[in-house]
There are 2 protein chains.
Amino acid sequence: MNHQAIIRTTATTVYERIRDDILSGSLAPGLKLRIEFVCERYGIGASPVREALNRLSQDGLVVRRDQRGFLVAPVSREQFAELVKTRCWLESIALRESIANRSTEWEEALVLAFHRLSRTKRSLDDGAYTFNPEWEERHRAFHHALISNCGSAWLLAFCAEMRDQADRYRKLAAARVYPQRQGPDEHRAILDATVEGDVERAVGLLQNHYRKTQSIVEQDLA
Amino acid sequence: MNHQAIIRTTATTVYERIRDDILSGSLAPGLKLRIEFVCERYGIGASPVREALNRLSQDGLVVRRDQRGFLVAPVSREQFAELVKTRCWLESIALRESIANRSTEWEEALVLAFHRLSRTKRSLDDGAYTFNPEWEERHRAFHHALISNCGSAWLLAFCAEMRDQADRYRKLAAARVYPQRQGPDEHRAILDATVEGDVERAVGLLQNHYRKTQSIVEQDLA
DNA sequence: GCCGCCCGAAATATCGAGATTTCCGGATCA
DNA sequence: TGATCCGGAAATCTCGATATTTCGGGCGGC
């Protein structure tokens with residue numbers, strides 16, 4: 001049967017799990033990641049754990065200090081501000097290029113991604129905020145679709161890296177973000193401007209979208 | 001004596017050595033990096049080698065395939081074109097911001113970096129090209145100085161990553177690049193426009209600088 | 001002849017133990 | 001009192017060996 005089944009290594013599996021746990025906040029910023037602690041938490045040996053942590057340190061999600069082990073990358077208001085500023089710069093380029101290279105396929109995929117997002121509730125509970133993994137996935141997919149037509153895998157990789165980091169901040173403050181995000185649908189406005197080909201409006205709305213989240217998250221970091 | 005001497009791990013040391021060997025071309029693009037081969041080459045065990053290769057795979061200098069080991073990232077004309085395009089986008093932002101945030105210290109450091117570069121010969125031999133590590137270092141330092149005032153460590157890290165990759169292509173084709181780089185000093189022109197605060201001219205010159213190298217390198221990839 | 005399968009050889013990935021370094025509390029001395 | 005210097009405990013890092021997977025050639029079936 002499957003002549004070439006791709007079997008993932010333990011290191012790759014635990015890399016993804018640790019990554020998810022950092023991005024979701026269940027491994028808190030600044031937490032010391034003792035090798036033995038991580039081994040027990042995920043039920044594996046030290047070698048794959050060390051390989052995973054080495055990868056994560058290059059991603060910037062983990063800090064590595066020679067002879068002193070690893071810790072979850074800390075967060076700060078200043079770091080987040082710089083992150084959002086840089087993200088606005090790079091996603092603005094990516095969105096401009098995506099629109100410049102517009103094609104029917106891309107526009108249709110974008111509309112579809114928005115439709116799926118709009119049909120999903122942000123919180124599983126209408127009252128108190130309850131994390132909804134499906135909304136997170138579709139939100140990620142929509143923002144990716146916006147810039148996916150930019151023509152540079154390099155730029156997309158940079159944007160993805162910053163998106164992950166920004167999502168970590170947003171999730172850490174999710175309980176605060178949620179009630180302040182009940183207004184008019186910013187995603188629809190961005191979609192409309194993009195599909196109309198109104199570059200300046202689309203870019204402006206996208207930047208405001210990120211900066212609004214920033215200001216809410218910053219209340220949590222104070 | 002030294003109460004807090006920072007001792008580097010074997011993994012970090014070999015990470016830097018492999019990195020240098022890939023960037024300098026002494027480990028050729030596409031080469032299979034068998035663990036045992038790397039161990040013997042650098043005279044160490046498998047654990048630090050694997051940690052180093054895992055880091056390099058996140059840097060994009062090495063390709064990792066689960067259960068099938070590692071290989072030096074291959075090169076291609078298309079990859080290089082996309083890299084240069086993206087690099088122009090990002091360094092343009094960084095240079096614009098650096099000039100917008102201009103300060104005396106930054107301008108002076110930039111002038112100094114240019115001076116040092118201009119006093120160093122690109123080739124140790126006036127005739128045939130001979131790699132000069134000092135020129136490489138000062139060249140790197142000058143380009144870094146140009147954008148170092150942009151106010152974003154994120155953007156600088158992205159630019160550094162692309163600079164490393166682009167340098168690899170340039171070094172692979174160095175014998176061809178050298179004789180075609182004997183004309184008027186492009187670095188001086190970029191410096192002058194930057195110090196004068198002529199943003200558009202500086203950005204244009206910088207982009208042309210990269211694109212000229214690109215067209216020369218592409219002759220080697222054909 | 002050609003495709004698919006199987007099996008030995010080689011390479012990768014993981015485990016467990018040992019060598020090296022850091023950490024931290026207490027003792028010593030000015 | 002405060003700074004410095006141990007010394008044992010704990011953690012990191014590395015090595016060697018083992019388990020698991022892939023690779024590649026040869027055999028048999030269609």
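When reading the values below, keep in mind they use all heavy atoms of this one structure, side chains included, and skip hydrogens, waters and symmetry mates. Letters A, B, ... are given to chains in the order of the sequence lines, protein chains preceding strands, and every chain is numbered from 1. What you see is a predicted model, and the numbers here were worked out from it, not measured in a lab.
Side-chain atoms of A:Thr12 never come within 3.5 Å of backbone atoms of A:Arg8 as a donor-acceptor pair (strictly under, hydrogens ignored).
Nearest-nucleotide mapping onto DNA chain C: of A:Asp66 and A:Thr10, the residue sitting toward the 5' end is A:Thr10. For the pair B:Leu33 and A:Ile44, nearest-nucleotide mapping onto DNA chain C gives the more 5' position to B:Leu33.
The nearest whole Å value for the distance from the CZ atom in B:Arg34 to the P atom in C:dT12 is 6 Å. What separates CG of A:Asn54 from P of D:dC13 is a distance of 8 Å, to the nearest Å. Distance A:Arg68 CZ to D:dC13 P: 11 Å, rounded to the nearest Å. For the pair B:Glu36 CD and D:dT22 P, the computed distance is 20 Å after rounding to whole Å. The distance between atom CD of A:Glu51 and atom C1' of C:dT12, rounded to the nearest whole Å, is 10 Å. Counting to the nearest Å, the P atom of C:dA11 and the CG atom of B:Leu53 are 16 Å from each other. The separation between B:Gln67 atom CD and D:dT21 atom C1' is 6 Å, rounded to whole Å.
Side-chain N/O atoms of B:Gln165 and B:Glu161 include no donor and acceptor closer than 3.5 Å. Under 3.5 Å, the side chains of B:Tyr42 and B:Asp21 contain a donor-acceptor pair of N or O atoms.
The nucleotide whose nearest atom lies closest to any side-chain atom of A:Ile35 is, among C:dT12, D:dT14, D:dT12, D:dT12. Of the candidates D:dT12, C:dA13, C:dC15, C:dA13 carries the atom nearest the A:Thr9 side chain, counting heavy atoms from C-beta on. The nucleotide whose nearest atom lies closest to any side-chain atom of B:Ile7 is, among C:dC15, C:dT21, D:dT21, C:dT21. The side chain of A:Lys32 lies closest to D:dA11 when the candidates are D:dA11, C:dT14, D:dC15.
If you check every strand for non-hydrogen atoms under 4.0 Å, B:Arg65 touches sugar and phosphate atoms only. Nucleic acid contact class of A:Phe37 (heavy atoms, under 4.0 Å, all strands): none.
Remark: B:Arg50 is in phosphate contact with C:dA13, judged by side-chain N or O atoms under 4.0 Å from OP1 or OP2.
Between B:Arg65 atom CZ and B:Ser57 atom OG the span is 12.5 Å, to the nearest 0.5 Å. Here the CZ-SG distance, from B:Arg96 to B:Cys150, works out to 13.5 Å after rounding to the nearest 0.5 Å.
Contact annotation: side chain of A:Ser47 to base of C:dC15, donor-acceptor pair present below 3.5 Å.
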